[in-house]
Amino acid sequence: MKSVGPMSGINEHAWGCDARVAMEQAEQEQHGLRMLRASVERAVASLKRVFITWRNDTLPMLPAKAQKALPVAAFFIVLFWIVVALFGVAYVMPVSCYTTLFNVRHHKYNSASQYLRFFGVSYLALLAARAATLSLPLCVLVNMVMPFVFVFMRSSQLNPRRYFPYTMLFVFLQLRPEYLDHMLLQAALLTVSCTVLTAALLIAGRAYHKADENLDRLHTMIDRLADELDHMAATGITAQTRRELLRLRADYTKLAYSVREDANAQPTVSNLYDMFAMLAQRTAYLVGRLEWHEGPGCPHAPYLRKLAGLTRAVGAVIGRGDKSAVIARARMLLPEADAIENDRFRLFYRSYLYMTLLVLRDAGRRFHRAWRLSPTVLLRIASFRKHPTLDSFELRFSVRCAAVLAVSCAVSFAAPVDHLYWFPLTAFLLTQPYPAESLRRMRTRTAGTVLGCLFVYALSSCNLPYEAVMAVGMVLISCLYASTPGGTVMAFFATAYALSMASISIGDHYAIGMRLACLGAAVLLVFVVNRLVMPTSDRTLFLANVHELFSLLERYWALLRQSLDGSVDAVTSSEALLHIQMVHSQAAAYVNKLPEATPEEHAQKRATVRVLFCLWELVCELEQLGFLIRVDAVDASEYPRLGRFMLLAEVCSNPFVVDARLGEAEQLIEGFKEDDLKYLLRQYLKRAEVLAAALTAARGTVMGRPSYREEVAEIGNGAVDGSSR
């Protein structure tokens, strides 16, 4: 009995401990349930927000979006199953890259060289990817070099995303190094993909009639120009007239740049766009420079009506009929210019007629043989587009992209972790040309990825067979291409598709965990790179644009000097001018958004607007001078004197300053015979003096460089504003 008491106490004590442990476990389980319930409620709330957004924004537009996405989704599905049938499901990763190319190109004109480029650049990406998988040092080196190759080869500040499809292919190919051991098989895969892409684009070209559409759009633009000339003759120059002409000039310039920069039209149609863009610019410049800005009447109305009628006649015969009668009509109007007393209008009238004759002579037929440009001329044109300075968009973005790819691909290459390639893949997709866009993508990609993971987790409970998983994947990819690029919905479908395909070979839980881990690592990497490696705020880009305009002005003087010996044709000049005008338009868009709440801000904004206006006028004077040289309005015996003037102006163009050399240039003007030439050069020097004064007044806006903290703050504010919009 004595032994019972102590033993009983021990049992009671043990029972009490067990009870406390059980209670603690129960409390922990209840806490876990509460946390799970809260997570589910947050997920349901997120899904509800996505559904509301889809119902309010996507659903009303669904028919149009579905129609637009149908060819792209069909191309993906067809190429996907061709690759699966010939090479296996493990080789389908490049299909997304070629679908992106099809999405970009199927609404555009595609020349034979464009189809050859698909094959050539694809093989280049394959060779670079193979080199990157040979060793870790080569992986870092190649991934630091190739972004520069693709960005400088394909993109520009005015068309920044052209690098994306081929860089995406390069990244995707190196993500599975084991497949690159069979280079012939990979080359065959790319050959099949390029062949299917070529065939699909040829079919799309027939279906959409893009070759005819570009010419029809040009005829519409020509009619707009003629209507503005008639309206100006009838009502005189008003503020509304000036705005409409400037809008017309901007539309012409954008179209001319886009059809040439991204090969949207045949070369001869591109040349026509260039020439009519010059006519629109001359007309807009005339409105800004003539003394009779306002008033109900127009002293030169008969001449403007004649130009309007001639413009309509040109539009009627471009690509459609015999142009000899219109050429004779333009030549009959030329002698009338001598009777015009106003110097500016006489120069405009005569140059408009000369350019019209040039259009009719050199680009009057749609299938006219295109100008043949030598490699030297092509390099000269490229020098206006790509100017590798520390302020240039191409260099700054290439450095950021190279840093992201070098780090992420090296980690993926060095660490033997299954599906770690999602890390460089996600990091590449988050790296956008402008940091503010990258920040927005981080938010949308994170939300879409989490929702996609929840969807796949729910789908995994259904235990679908292989055929059902593939069918779901095709539906998801079709919805992906109907979604807005860069948005949460698109990220959701991309994640759901990728995870559903990955579930065929690996477990769902591992795939979801790896996808989320790679997303977190990619967001952190891109966030750090955007802030530590050449951040690019709007103000930095504006200052780069201003510096670029002065540099382009200097280089255009050098181009004019070379035109004295006949080595520069109209295509080269128009390429250079279009790039100058597009950079100027981008800078002007920034200035228009500058605050002017205080008198100081208002004064700075007005001075900055004055700087850009003076730069535009200088470019217009240069374009007129180049045209006078091209139509032999300058006597060849005066070329040495004119060459000396050009050299002096070129030296003083970057930035433009008024000094003794321009005084010498002013003295040279008196030795020329042609009145139009003397008037033009005097106007250039006069505008240069105004520009020098405007630069001094706008020093706070157009000079200096924002600090690192200011750049980061502006990038963050820009991302917030963008998300709110």
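Side chains included, hydrogens not; waters and symmetry mates left out as well; all remaining heavy atoms used.
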* Test side-chain contact (heavy atoms from CB on, under 4.5 Å) on Leu541 and Tyr590 and set out the steps. => CA-CA 9 Å; Leu541 182 59; Tyr590 173 83; over 6 Å; no
* Name all residues meeting the side chain to side chain donor-acceptor pair (under 3.5 Å) criterion together with Asn592; count only those two or more places apart in sequence or in a different chain, and write none if there are none. => none
* Pairing of Glu650 and Arg561 as salt bridge, 4.0 angstrom limit -> yes
* Should Leu622 and Leu618 count as side-chain neighbours, where that means a heavy-atom distance under 4.5 Å? -> no
* Asked: What pairs of residues pass the salt bridge (charged side-chain N to carboxylate O under 4.0 Å, His left out) test when at least one of them lies in residues 229-239, not counting sequence neighbours?
  -> Asp230-Arg312
* Asked: What residues, two or more places apart in sequence or in another chain, satisfy side chain to side chain donor-acceptor pair (under 3.5 Å) together with Gln581?
  -> Thr253, Gln281
* Structure fact -> Sequence neighbours excluded, the answer for salt bridge (charged side-chain N to carboxylate O under 4.0 Å, His left out) partners of Glu670 is Arg682
* Indicate whether any N or O donor in one side chain lies under 3.5 Å from an N or O acceptor in the other, for Ser653 and Tyr556. => no
* Asked: Do Arg154 and Phe164 come close enough that some side-chain heavy atom pair is under 4.5 Å?
  -> no
* For the residue pair Tyr303 and Tyr349, categorise the inter-ring angle as parallel (less than 30°), tilted (30 to 60°) or perpendicular (more than 60°). => perpendicular
* From CA spacing to verdict: side-chain contact (heavy atoms from CB on, under 4.5 Å), Leu691, Glu617 -> CA-CA 10 Å; Leu691 175 59; Glu617 288 199 320; over 6 Å; no
* Structure fact -> By ring pair (Phe, Tyr, Trp, His ring centres under 6.0 Å), Phe672 pairs with (sequence neighbours left out) none
* To do: Check the pair Leu685, Ile669 against side-chain contact (heavy atoms from CB on, under 4.5 Å), reporting the backbone distance first and the verdict last.
  => CA-CA 10 Å; Leu685 295 182; Ile669 295 176; 3.7 Å; yes
* Structure fact -> Taken in chain and number order and not counting sequence neighbours, the residues that satisfy side chain to side chain contact (heavy atoms under 4.5 Å, CB included) with Cys652 are Asp659, Arg661, Leu662
* May I ask you to check whether over 12 heavy atoms, not counting those of Arg161, lie within 6.0 Å of atom CZ? => yes
* Heavy-atom side-chain contact between Val702 and Phe542 under 4.5 Å -> yes
* Mind checking ring pair (Phe, Tyr, Trp, His ring centres under 6.0 Å) for Phe550 and listing every partner two or more places apart, or none if nothing turns up? => none
Identify each donor-acceptor pair in which a side-chain atom of residues 641-648 lies under 3.5 Å from a protein atom, sequence neighbours left out, and give them as a table.
unit_1, atom_1, unit_2, atom_2, d
Arg641, NH1, Leu668, O, 3.1
Arg644, NE, Glu664, OE2, 3.2
Arg644, NH2, Glu664, OE1, 3.4
Arg644, NH2, Glu664, OE2, 3.1

* **Student check: side-chain heavy atoms of Leu310 and Leu353 closer than 4.5 Å** => yes
* Show your working on side-chain contact (heavy atoms from CB on, under 4.5 Å) between Asn110 and Leu202 and close with a plain yes or no. => CA-CA 8 Å; Asn110 297 285; Leu202 289 172; over 6 Å; no
* Asked: Taking only residues two or more places apart in sequence, or in another chain, which ones meet Arg346 in a side chain to side chain contact (heavy atoms under 4.5 Å, CB included)?
  -> Ala337, Ile340, Asp343, Arg350, Asp676
* Parallel, tilted or perpendicular: which describes the rings of Phe345 and Phe348, with under 30° parallel and over 60° perpendicular? -> tilted
* All side chain to side chain contact (heavy atoms under 4.5 Å, CB included) counterparts of Ala301, not counting sequence neighbours -> Ala233, Cys298, Arg305
* Is there any salt bridge (charged side-chain N to carboxylate O under 4.0 Å, His left out) pair reaching into residues 600-609, and which pairs are they, with sequence neighbours excluded? -> Glu596-Lys605
* Provide the closest heavy-atom pair for Leu680 versus Glu621 in the form atom of the first, atom of the second, distance. => CD1-OE1, 2.7 Å
* Beyond-backbone contact of Val317 with Leu360, side-chain heavy atoms, under 4.5 angstrom -> yes
* Asked: Hey, does Leu357 have a side-chain heavy atom less than 4.5 Å from the side chain of Leu334?
  -> yes
* Are the side chains of Thr608 and Val546 in touch, meaning some heavy atoms are under 4.5 Å apart? -> no
* **With Ser324 via side chain to side chain donor-acceptor pair (under 3.5 Å) - residues at least two apart** => Asp322
